[in-house]
Protein chains: 2
Amino acid sequence: MAVTLQDIANNTGLSVSTVSRALSTEKSPHAGEQTRRKVFAAAAKLGYRPNVSARALARGRSDNVALLLPELDCIPYIHQIETHLDELGLHVTPFASHWQTEREAELLESLPARMLDAVINLHYLAANKDVYQEHRRRGQRLIFRVVEEDIEDVPFDCIGVDVDKGVRVLIEHLHAQGYRRIGLLGGFGATDVAAGRFDRGHARGYMQGHQAVGMPVETGRAVPCGAGMVEAYEAARKALASGRDDFDAFIVQSPDKLTGVIKAVQDAGLTIGRDMGLATIGAEDEPVCSLYDVTTWAQPVYRVCKGLVSLLKNRLDDPEGPIHKIYYESTLVARSSSSRG
Amino acid sequence: MAVTLQDIANNTGLSVSTVSRALSTEKSPHAGEQTRRKVFAAAAKLGYRPNVSARALARGRSDNVALLLPELDCIPYIHQIETHLDELGLHVTPFASHWQTEREAELLESLPARMLDAVINLHYLAANKDVYQEHRRRGQRLIFRVVEEDIEDVPFDCIGVDVDKGVRVLIEHLHAQGYRRIGLLGGFGATDVAAGRFDRGHARGYMQGHQAVGMPVETGRAVPCGAGMVEAYEAARKALASGRDDFDAFIVQSPDKLTGVIKAVQDAGLTIGRDMGLATIGAEDEPVCSLYDVTTWAQPVYRVCKGLVSLLKNRLDDPEGPIHKIYYESTLVARSSSSRG
DNA sequence: AAATGTCGAGCGCCTGAGTGA
DNA sequence: ATCACTCAGGCGCTCGACATT
């Protein structure tokens with residue numbers, strides 16, 4: 001049904017290969033100016049669209065890159081990366097691992113058969129390190145955004161985001177504002193702290209922050225909770241009910257949870273900022289944060305995405321080149337939720 | 001690099017076509033039980049993965065369906081549809097049109113070249129009707145979720161969702177609770193009402209609702225606003241500031257905007273439910289709605305997704321069959337945000 | 001020596017027709 | 001005749017190796 005090169009060839013009286021060459025922007029066996037025009041005219045007239053499968057099969061690449069996400073809700077990332085890749089003539093296909101290590105490995109496994117030129121993984125999982133290695137050995141190009149780990153420990157092209165530093169900075173900031181009983185709500189961080197583990201991510205930052213300001217860490221200040229605002233609400237409510245004096249501030253792991261925590265604080269009859277400090281860690285331009293004027297350790301999403309794409313481009317241009325790593329600093333956006341003025 | 005049928009053939013001493021047949025579940029030229037076992041063993045050992053491009057090229061279909069979304073944030077839909085299609089052995093690729101009619105047309109245009117077997121479009125746009133027709137004529141299978149239009153006017157396989165009825169029902173409900181000055185905030189609906197147009201979607205429901213309870217429609221009660229909670233907040237704030245007595249309830253077009261409206265109401269010193277009724281239209285299981293206990297006209301997302309997929313299956317099984325249409329009723333989930341008790 | 005155009009093999013897989021038991 | 005398997009052409013496109021000016 002679809003229009004093929006053959007159709008254009010018939011229509012113009014040229015051969016399929018000539019048509020192919022005329023349409024491709026490549027240089028070497030250039031096509032003549034006239035033929036070119038003729039071909040383009042015919043292509044437009046017939047509504048030709050190159051068949052991506054055939055092209056991929058013939059070239060051994062698809063101009064397609066996979067975007068591996070822990071969840072589908074990383075929308076600003078998807079959008080940004082899509083935009084940047086578009087400029088390189090690449091198309092992006094998102095895949096969600098739903099936070100399952102296994103599933104991520106399985107997805108990676110399925111990618112070569114899809115002929116994807118590269119993989120951008122938004123969340124480096126140390127647990128899958130060997131899997132990543134294996135896939136690189138098979139020729140896959142992998143680019144990572146690293147959140148939990150130190151990028152020194154990551155033997156791949158990657159962008160580091162200073163999340164653990166964020167907790168430290170937020171604690172110092174909250175401490176400077178007079179808060180002394182700072183809870184950590186949600187995420188792996190809260191779970192780690194509750195279990196007395198301080199060797200990675202938020203938990204490490206939590207520890208470092210307390211050390212920096214000379215406060216002892218209380219593992220009871222960790223409030224683990226499931227995903228979503230409702231669970232965050234419940235967790236915060238309970239935390240505030242059981243002993244209101246245990247907390248005078250919360251660091252909330254994600255803006256999503258923030259919505260729940262805000263309500264819990266309000267319901268407890270507390271005023272945000274004055275009675276209860278609030279801060280979170282998230283992407284820049286997070287609507288909830290500006291709506292509720294919440295202090296944020298803001299990840300530079302735009303630069304991170306741009307960085308990921310440029311790493312990708314480097315890697316595609318020079319598959320054997322040295323590994324590149326970039327570290328981006330987040331910004332402390334101090335707002336009224338954490339000021340006692 | 002990747003393992004091909006050829007590799008398995010070499011490994012087992014069989015021919016490529018035998019291997020192909022042994023691996024395919026099809027029936028006709030069955031392979032012998034022993035060969036089958038041998039082939040599967042070799043495939044597993046070598047880690048064979050069929051090349052999707054080659055397969056698509058040879059079969060003329062890709063076992064892939066496109067999911068056309070107005071925005072990337074229809075996450076529950078994506079997830080559900082993905083799950084159901086998975087059971088049919090189909091893979092889904094999401095494409096976002098960002099609410100641009102043009103872009104949607106362009107996307108559709110690009111799909112045949114990707115050999116997608118079908119398209120599920122989450123938002124039927126009457127403006128693109130001719131484009132849809134044209135693509136069906138070219139053999140594309142199209143399935144729609146219809147929100148704004150009457151499904152009688154939609155000549156395609158589709159699921160209807162009773163959104164306009166929702167506004168009517170919500171108005172009747174709010175009226176019964178004693179609310180008399182009901183605003184409509186956000187979306188096409190608000191824009192239409194503000195412009196005095198009542199011929200479709202929310203605007204029609206707004207009109208019908210008022211008629212049903214015998215209240216006159218005030219076009220000034222429409223509060224148009226852009227996407228996102230921050231814009232909704234601003235719009236609601238202004239509406240409440242300019243003349244607080246103009247409104248005693250809001251119907252909010254989407255749960256996203258709801259977050260902003262709630263804050264605006266709180267900031268105005270009003271109590272939700274008592275001073276100001278609130279209701280919204282959204283998917284079932286919307287976290288914001290249960291968190292803030294907001295009355296909702298709840299779309300049956302799960303059934304809609306299941307329906308879309310079953311329509312799809314029908315269409316694939318019988319491309320020439322008659323058009324099917326399904327109409328799903330939403331449910332009124334009455335909560336405290338709209339009760340004066 | 002270019003510049004322009006054609007040939008044809010082949011990417012990995014499927015499948016109708018054919019071979020031999 | 002059935003069963004088990006192989007041959008070979010083709011899906012639409014690319015690209016190295018020629019042929020023609």
Side-chain angles (χ1 to χ4, degrees), chain A residues 1-40 42-43 46-64 89 110-117 139, chain B residues 1-40 42-43 46-64 110 112-117 139:
Chain A
M1 298 305 100
V3 181
T4 72
L5 284 187
Q6 185 66 63
D7 297 323
I8 301 184
N10 294 342
N11 194 282
T12 54
L14 296 164
S15 77
V16 171
S17 33
T18 305
V19 174
S20 168
R21 290 219 147 90
L23 285 175
S24 70
T25 327
E26 311 301 327
K27 48 202 177 311
S28 12
H30 227 51
E33 196 46 45
Q34 309 182 38
T35 342
R36 221 181 165 70
R37 246 193 283 281
K38 215 164 45 171
V39 168
F40 271 85
L46 300 175
Y48 170 75
R49 292 278 187 161
N51 181 310
V52 294
S53 296
R55 172 171 287 182
L57 188 56
R59 298 211 288 202
R61 62 190 166 88
S62 62
D63 290 342
N64 234 288
S110 78
L111 296 185
R114 297 181 180 277
M115 316 216 9
L116 285 98
D117 300 349
Chain B
M1 296 303 99
V3 181
T4 73
L5 286 186
Q6 184 66 61
D7 297 324
I8 301 184
N10 294 342
N11 194 281
T12 55
L14 295 164
S15 78
V16 172
S17 35
T18 305
V19 175
S20 169
R21 288 215 151 90
L23 285 175
S24 72
T25 327
E26 310 300 330
K27 53 208 175 306
S28 17
H30 224 54
E33 195 47 45
Q34 308 182 39
T35 336
R36 221 180 164 69
R37 245 193 286 280
K38 213 164 48 170
V39 168
F40 271 86
L46 300 175
Y48 170 75
R49 292 277 187 162
N51 180 311
V52 292
S53 296
R55 171 171 286 182
L57 189 58
R59 299 211 289 199
R61 63 193 165 86
S62 62
D63 290 342
N64 234 289
S110 78
R114 296 182 181 279
M115 310 201 50
L116 285 98
D117 300 349

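- With sequence neighbours excluded, the residues satisfying side chain to side chain contact (heavy atoms under 4.5 Å, CB included) with A:R55 are A:P50, A:R59.
- Looking at residues two or more places apart in sequence or on another chain, you find a side chain to side chain donor-acceptor pair (under 3.5 Å) between B:S15 and B:S17, B:T18.
- Without hydrogens or angle criteria, B:T12 side chain to B:I8 main chain gives a donor-acceptor distance under 3.5 Å.
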Review item, nucleotides 18-21 of chain C N/O atoms under 3.5 Å of protein N/O:
none

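- With sequence neighbours left out, the side chain to side chain donor-acceptor pair (under 3.5 Å) criterion links B:N10 to B:Q6.
- In this structure, B:N51 atom CG and D:dC11 atom C1' are separated by 13 Å, rounded to whole Å.
- Rounded to whole angstrom, the span from the CZ atom of B:R36 across to the P atom of D:dC3 amounts to 15 Å.
- A sub-4.0 Å separation between OP1 or OP2 of C:dG5 and a side-chain N or O of A:R21 is absent.
- A close approach under 4.0 Å does not occur between any side-chain nitrogen or oxygen of B:S24 and OP1 or OP2 of C:dC14.
- Remark on DNA chain C: of its neighbouring residues B:S17 and B:S53, the 5'-side contact belongs to B:S53, judged by nearest-heavy-atom nucleotide.
- The CD atom of A:Q6 sits 14 Å away from the P atom of C:dG8 (whole-angstrom rounding).
- Here the side chain of A:S62 pairs a donor or acceptor atom with the backbone of A:M115 at under 3.5 angstrom.
- In this structure, B:L23 places its CG atom 8 Å from P of C:dC14, rounding to the nearest Å.
- For B:Q34, the side chain to side chain contact (heavy atoms under 4.5 Å, CB included) criterion is met by no residue, not counting sequence neighbours.
- Between the side chain of A:D117 and the backbone N or O of A:D63 there is at least one donor-acceptor pair closer than 3.5 Å.
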Atom pairs, N/O to N/O, protein against nucleotides 9-11 of chain C, distance under 3.5 Å?
{"unit_1": "C:dC11", "atom_1": "O2", "unit_2": "A:A58", "atom_2": "N", "d": "3.3"}

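- When the side chain to side chain contact (heavy atoms under 4.5 Å, CB included) test is applied to B:A58, no partner is found at least two apart in sequence or on another chain.
- What separates CG of A:D7 from C1' of D:dC13 is a distance of 13 Å, to the nearest Å.
- We find that CZ of A:R55 is positioned 18 Å from P of C:dG12, with the value rounded to whole Å.
- If you take CG of B:L14 and C1' of D:dC7, they are 15 Å apart, rounded to a whole angstrom.
- Whole-Å rounding puts the A:D63 CG to D:dC13 P distance at 15 Å.
- For B:A113, the side chain to side chain contact (heavy atoms under 4.5 Å, CB included) criterion is met by A:R49, not counting sequence neighbours.
- Scanning atom types as modelled, no donor and acceptor separated by under 3.5 angstrom connect the side chain of B:S15 and the base of D:dC5.
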